[in-house]
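As structure tokens, the structure follows; a few thoughts come after it.
Naming: A, B, ... by sequence-line order, numbering from 1 per chain. All values derive from a computational prediction rather than experimental measurement.
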2 protein chains.
Amino acid sequence: MSFKVGIIGAGPSGLAMLRAFESEQKKGNEIPEIKCFEKQDNWGGMWNYTWRTGVGKYGEPLHGSMYRYLWSNGPKECLEFSDYTFSEHFGKPISSYPPREVLFDYIEGRIKQSNARKYIKFNTVARWVDYDEESKTFRVIFDDLANNRTFEEVFDYLIVATGHFSTPNMPYFKGIDKFPGAVMHAHDFRGADQFSGKDILLVGSSYSAEDIGVQCYKHGVNSVTISYRSNPIGCKWPEEIKEVALLTHFEGDTAYFKDGSSKRFDAVVFCTGYQHKFPFLPDSLRLKTKNCLYPDKLYKGIIFNEATNLLYLGMQDQYYTFNMFDAQAWFARDYMLGRVAIPDKLEREKDIKEWMDNEARTVSGDDHIDFQTAYIKDLMNNTDYPDFNLDKVADLFKSWLKDKEDNILTYRDKVYQSVMDDVHAEKHHTPWIKELDDSYERFFEEEEVADEAEISRVNYY
Amino acid sequence: MSFKVGIIGAGPSGLAMLRAFESEQKKGNEIPEIKCFEKQDNWGGMWNYTWRTGVGKYGEPLHGSMYRYLWSNGPKECLEFSDYTFSEHFGKPISSYPPREVLFDYIEGRIKQSNARKYIKFNTVARWVDYDEESKTFRVIFDDLANNRTFEEVFDYLIVATGHFSTPNMPYFKGIDKFPGAVMHAHDFRGADQFSGKDILLVGSSYSAEDIGVQCYKHGVNSVTISYRSNPIGCKWPEEIKEVALLTHFEGDTAYFKDGSSKRFDAVVFCTGYQHKFPFLPDSLRLKTKNCLYPDKLYKGIIFNEATNLLYLGMQDQYYTFNMFDAQAWFARDYMLGRVAIPDKLEREKDIKEWMDNEARTVSGDDHIDFQTAYIKDLMNNTDYPDFNLDKVADLFKSWLKDKEDNILTYRDKVYQSVMDDVHAEKHHTPWIKELDDSYERFFEEEEVADEAEISRVNYY
């Protein structure tokens with residue numbers, strides 16, 4: 001096999017790509033030469049927590065947007081790998097909403113069984129890509145951060161798996177430059193502890209605002225105010241959390257809202273989303289999109305329509321995550337191996353447009369789930385990624401939306417059944433709202449710790 | 001004139017380069033084709049304040065490390081341009097330690113009199129530089145951030161004027177990942193307000209720690225603890241500021257120090273310096289140095305010894321600032337215009353080594369000042385940058401060191417005489433320690449506002 005594949009990023013998408021090739025190799029088939037490059041010092045992408053904010057050890061913008069006390073905000077049964085179940089990894093049933101460390105352990109569990117690590121060069125960032133039209137190859141400049149050395153590689157296929165929840169979108173509001181308290185984007189939020197007893201303002205009304213809001217409530221802030229642009233999240237909030245209309249401006253430490261109300265705050269967290277950003281690519285090869293379920297220019301959500309040896313993984317807004325990345329990676333592999341033929345450019349454009357038109361017609365959360373389910377089905381029809389009942393997963397997603405609507409503070413106590421191996425999740429030893437310790441050790445403690453004074457002590461409250 | 005010069009950065013160094021060419025043009029002489037590219041949306045470099053932290057509007061690592069309530073920490077008479085004095089700009093004497101906005105106004109005042117702005121493309125970051133050995137030209141890829149477009153330019157000379165106080169150096173200490181309060185580098189510090197009444201730990205013992213420490217004291221923190229690695233700053237601190245030995249680790253919100261002491265903190269600010277970082281350059285063209293007065297590989301502190309059409313401005317640790325950048329820019333201009341001959345590589349190496357050896361022999365602050373004074377004299381001997389009495393400036397620097405040692409809280413109330421036009425600085429209307437408003441408007445208020453309640457109101461305290 002005489003071609004060479006470069007993978008940028010060793011998060012869930014990049015690892016899925018490595019895993020896809022490994023599964024091919026295990027069948028006794030030849031695979032191309034593969035190299036994977038990861039900016040961070042370990043794999044796991046977003047799931048690789050860092051205490052740092054802003055830029056990393058070597059001055060690169062940080063990838064991670066994870067914070068302490070982050071628990072999965074969707075049932076684990078919706079993101080389960082079909083070729084490596086939670087039961088297989090943990091050897092027993094666990095609850096449906098594990099904290100970050102436990103999920104990281106699961107992701108790592110699968111990839112550790114492979115030889116993937118030998119393909120990955122860590123602490124290495126892609127600086128620049130030149131595309132040679134004649135040879136149809138990519139010259140990629142990498143920067144070996146730990147050694148302050150640059151080097152080049154040439155690839156026939158380039159896989160961009162760098163995620164799109166790393167580059168903050170942070171609008172300006174009049175007066176924010178004089179706001180005396182802490183101001184940060186959710187990307188740099190590292191846990192509610194520093195806001196204990198404070199009044200905090202969250203700008204935005206998507207997952208970050210919802211999750212940071214309830215974490216702050218759980219961990220003892222005085223009040224949370226969530227300012228939405230068009231529509232409130234609309235949960236049944238506890239008394240300490242309120243939604244208000246769009247922020248208009250600040251005067252000193254006071255924020256003013258469109259409905260004429262105002263309030264003094266100690267801190268502002270911008271939960272205003274992320275930008276798709278690819279600084280290492282010439283703009284002709286860049287995916288230019290907002291966060292949506294079907295970005296333009298990607299055939300099958302993967303193949304860049306202007307240069308079909310450039311592939312993007314995981315660039316969609318996500319209900320499905322790990323198993324969608326898998327389906328994409330398996331499809332990408334089979335495409336590179338020449339097993340999947342693609343139509344000509346115009347046909348591909350038509351196909352993309354059809355999907356985009358369909359997305360435009362979606363209205364509700366359920367519609368979005370159905371859309372992404374259909375997308376993954378389409379991919380899976382073209383690969384040998386172990387089949388699973390996608391309709392059942394879609395049903396889980398819909399239950400999850402309802403659970404959240406019913407009670408934002410208890411939905412994480414619900415348990416579901418695995419679609420992959422039918423194992424029922426175990427009810428967790430402690431209700432989520434009372435569990436202030438998100439560590440792996442605490443998660444797997446057998447006995448229920450009912451002593452709240454002890455929990456407080458352990459958590460320095 | 002058939003060559004082309006690219007300037008990266010429109011801070012004090014890049015602007016000095018533009019000004020140097022302008023002064024040549026005003027004499028009726030021809031100048032080369034010039035283009036300057038600035039990542040930020042305005043000129044002024046570090047002096048262009050932003051409320052943002054981490055990454056900017058377009059996701060680039062932020063250049064700015066400035067914070068609210070920053071006043072010059074050296075007398076303005078030491079950084080005065082010799083071709084544009086403070087008196088000329090403000091039309092009257094002002095005090096010796098102006099706040100940031102006033103200094104920004106001064107920098108901008110000179111450059112606004114020129115046509116420099118037409119050479120500068122803002123919101124544009126250098127992505128990658130390829131050097132063509134044969135043609136001895138640089139191909140530079142730029143990214144037009146606002147339009148998400150990349151483009152190429154080719155230059156005969158490349159001037160790197162991107163500064164070296166933008167990329168945080170942030171060491172890891174055991175337990176910092178579980179510290180519950182705010183953790184930030186001085187680069188992301190935006191003012192003491194949010195720490196009012198708190199106990200804060202500053203790690204480091206250079207200018208950032210000293211200045212953030214006294215600002216926090218002035219603006220009402222409960223206590224400041226400064227942890228030094230080798231030697232304390234050694235000022236006569238007020239009771240609320242203490243210096244302690246090296247930080248060893250954290251347990252929860254408590255920091256432990258090498259001398260066995262420990263203390264609980266609400267926040268940690270790392271004042272641990274900056275890295276020289278040039279992500280857009282191949283490592284063969286990168287200046288690799290720590291912060292020092294004479295970085296290796298730079299002939300005359302400017303010309304990269306491995307590729308003599310690559311010039312660096314302002315890469316030294318700085319006592320002198322604006323007028324040193326000017327002297328460098330004038331020298332760089334005359335070198336590019338062919339008026340200054342340089343010896344062969346080995347001779348240049350010898351010369352660099354001699355300077356570096358001299359720096360190695362410096363011990364005291366006074367020695368450092370003498371060293372940098374000698375360096376600038378050497379440059380000025382080769383240019384027509386308006387001459388000024390450098391020995392007098394060196395004396396001012398030495399007085400300043402003594403003033404700070406005498407009283408860290410009152411040294412900014414001292415006034416000096418301009419070396420450029422002999423104008424005596426005016427005593428400021430309010431002692432620095434009582435002045436909580438750092439705005440341009442407040443600085444130029446005529447009457448003394450003695451009413452502290454009023455000051456408090458204006459500043460939202």
Does NZ or CZ of B/Lys39 fall inside the cone over B/Phe37's six-membered ring, less than 6.0 Å from its centre and within 45° of the axis? no
On a heavy-atom basis, which atom in A/Met315 and which in A/His276 lie closest, and how many Å separate them? O-NE2, 3.0 Å
If you take the centroid of each ring, where Trp contributes its six-membered ring, are [Y] and [X] closer together than 6.0 Å?
| X | Y | answer |
| --- | --- | --- |
| A/Tyr274 | A/His185 | yes |
| A/Phe189 | A/Tyr67 | yes |
| B/Phe278 | B/Tyr312 | yes |

Taken to the nearest 0.5 Å, the spacing of A/Asp199 CG from A/Arg264 CZ works out to 6.0 Å
Can you tell which of [options] has the highest number of heavy-atom pairs within less than 4.5 Å of chain B?
| options | answer |
| --- | --- |
| A/Asp188, A/Val125, A/Ile141 | A/Ile141 |
| A/Leu145, A/Asp144, A/Asp143 | A/Asp143 |
| A/Arg190, A/His187, A/Gln275 | A/Gln275 |

Please look at [X] and chain B and tell me whether the side chain, the backbone, both or neither of the residue comes under 4.5 angstrom of a heavy atom of that chain.
| X | value |
| --- | --- |
| A/Leu62 | neither |
| A/Thr167 | side chain |
| A/Arg149 | both |
| A/Lys277 | side chain |
| A/Asn148 | both |
| A/Val55 | side chain |

Any sub-3.5 Å donor-acceptor pair from A/Gln40's side-chain atoms to A/His63's backbone N or O? no
For A/Thr248, is there any backbone N or O sitting under 3.5 Å from a side-chain donor or acceptor partner on A/Lys174? no
Pair A/Asn48-A/Asn42, side chain to side chain donor-acceptor pair (under 3.5 Å): steps then yes or no: CA-CA 7 Å; A/Asn48 177 20; A/Asn42 197 8; 4.8 Å; no
For chain A, the option from [options] that forms the most heavy-atom pairs under 4.5 Å:
| options | value |
| --- | --- |
| B/Ile176, B/Val183, B/Thr53 | B/Ile176 |
| B/Lys57, B/Arg286, B/Met170 | B/Arg286 |
| B/Tyr49, B/Tyr58, B/Phe195, B/Phe151 | B/Tyr58 |
| B/Gly59, B/Pro171, B/Pro168 | B/Gly59 |
| B/Gly191, B/Pro279, B/Gly181 | B/Pro279 |

If the test is ring-ring contact (aromatic ring centres under 6.0 Å, His included), which one of A/Phe173, A/Tyr172, A/Phe250 qualifies with A/Phe179? A/Phe250
Heavy atoms under 4.5 Å from chain B: which residues of residues 126-133 of chain A carry them? A/Arg127, A/Trp128, A/Asp130
Residues A/Thr272, A/Asn169; criterion side chain to side chain donor-acceptor pair (under 3.5 Å); working and verdict: CA-CA 6 Å; A/Thr272 40; A/Asn169 177 52; 4.9 Å; no
Who are the side chain to side chain donor-acceptor pair (under 3.5 Å) partners of A/Ser284, not counting sequence neighbours? none
